[in-house]
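One structure below.
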Amino acid sequence: MEKEIKHVVSLSGGKDSTAMLLRMLEEGMPVDIIIFCDTGLEFEEMYKHIDKLEEYIGRPITRLKAEKSFEYLFFEHEPKRRNPELAGRKGYSWAGPVNRWCTTKLKVRVIEKYLLELSNKYTIKQYIGSAADEPKRVKELN
């Protein structure tokens, strides 16, 4: 028996994912679940935007959050180090374009875990908004 399909929109709260969600709804596309992954470091205006958007569309937005905070990962966590001179030192280094632990730990893995749990029961189709000038971020997922 085939699993039911769930259409999941990943909403960052930025202009691209917000526009994608609104357009999908305007076009009558299926949207079953909308997820927002809270890093804990969002500006207050972002939380207001998510609340206002939820009210406007009349649908719930599922808020996800990592078990460990940015502060914990930055100051307390003891990661496995490749460089033996850094062994035993706490915290990740500053996040940046090359070392994107913040995005990975506080968003990507949280969303992946949520979708993995859903995939036990459903076939997942995930929608991620990106700007037209970001083609290298787009890849085909099978």
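- For the pair Thr39/Thr103, no side-chain contact is recorded, criterion being any heavy-atom separation below 4.5 Å from C-beta on.
- The OG1 atom of Thr104 sits 8.5 Å away from the CD atom of Glu112 when rounded to the nearest 0.5 Å.
- For the atom pair Thr123 OG1 and Glu2 CD, the distance stands at 7.0 Å (nearest 0.5 Å).
- Under a cut-off of 6.0 angstrom, the local environment of NZ in Lys3 is crowded, with over 12 non-hydrogen atoms contributed by other residues, nucleotides or ligands.
- Annotation for Ile50 and Phe36: closest pair CD1-CD1, 3.8 Å, computed over non-hydrogen atoms.
- Cluster membership check: Met46 shares its hydrophobic cluster with Tyr56, using side-chain heavy-atom separations under 4.5 Å among Ile, Leu, Val, Met, Phe, Trp and Tyr.
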For the pair Val8 and Val31, evaluate side-chain contact (heavy atoms from CB on, under 4.5 Å) and give the outcome as yes or no after the intermediate values. CA-CA 6 Å; Val8 180; Val31 174; over 6 Å; no
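- Here the straight-line distance linking atom NZ of Lys48 with atom NZ of Lys52 works out to 11.0 Å at 0.5 Å rounding.
- Between the side chains of Asp32 and Tyr122, not a single donor N or O lies within less than 3.5 Å of an accepting N or O.
- Remark: Glu67 engages Lys113 in a salt bridge (charged side-chain N to carboxylate O under 4.0 Å, His left out) (not counting sequence neighbours).
- Shortest non-hydrogen contact noted between Ser69 and Leu106 is C-CD2, 4.3 Å.
- Between Glu42 and Lys65, no side-chain nitrogen of the basic residue sits less than 4.0 Å from a carboxylate oxygen of the acidic one, so the salt-bridge criterion is not met.
- Tracing side-chain contacts under 4.5 Å through hydrophobic residues (I, L, V, M, F, W, Y), one never reaches Ile111 starting from Val9; they form parts of separate clusters.
- Between Asp51 and Arg63, at least one side-chain N (NZ, or NE/NH1/NH2) sits under 4.0 Å from a carboxylate O, which counts as a salt bridge.
- There is a path of hydrophobic side-chain contacts, each under 4.5 Å, that joins Met20 to Ile61.
- Residue Ile35 is not grouped with residue Leu25 when hydrophobic side chains (ILVMFWY) are merged at heavy-atom distances under 4.5 angstrom, including chains of intermediate members.
- Of the N and O atoms on the side chains of Gln126 and Ser10, at least one donor lies less than 3.5 Å from an acceptor on the other residue.
- Atoms CG and OG1, from Leu11 and Thr62 in turn, are 11.0 Å apart once rounded to the nearest 0.5 Å.
- Separation of atoms CG (Leu21) and CD (Glu26) is listed at 10.0 Å; rounding is to 0.5 Å.
- Distance check: Ile124 CD1 to Leu116 CG gives 9.5 Å after rounding to the nearest 0.5 Å.
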Residues Val110, Val108; criterion side-chain contact (heavy atoms from CB on, under 4.5 Å); working and verdict: CA-CA 6 Å; Val110 175; Val108 174; over 6 Å; no
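- Across all non-hydrogen atoms, the minimal contact from Ser12 to Lys107 is CB-NZ, 4.5 Å.
- Within 6.0 Å of CZ in Arg23 there are 12 or fewer heavy atoms belonging to other residues, nucleotides or ligands.
- At least one side-chain heavy atom of Ile5 sits less than 4.5 Å from a side-chain heavy atom of His7.
- Placement of Tyr47 and Leu53 within a single hydrophobic cluster is found when ILVMFWY residues are connected by side-chain heavy-atom separations under 4.5 Å, directly or transitively.
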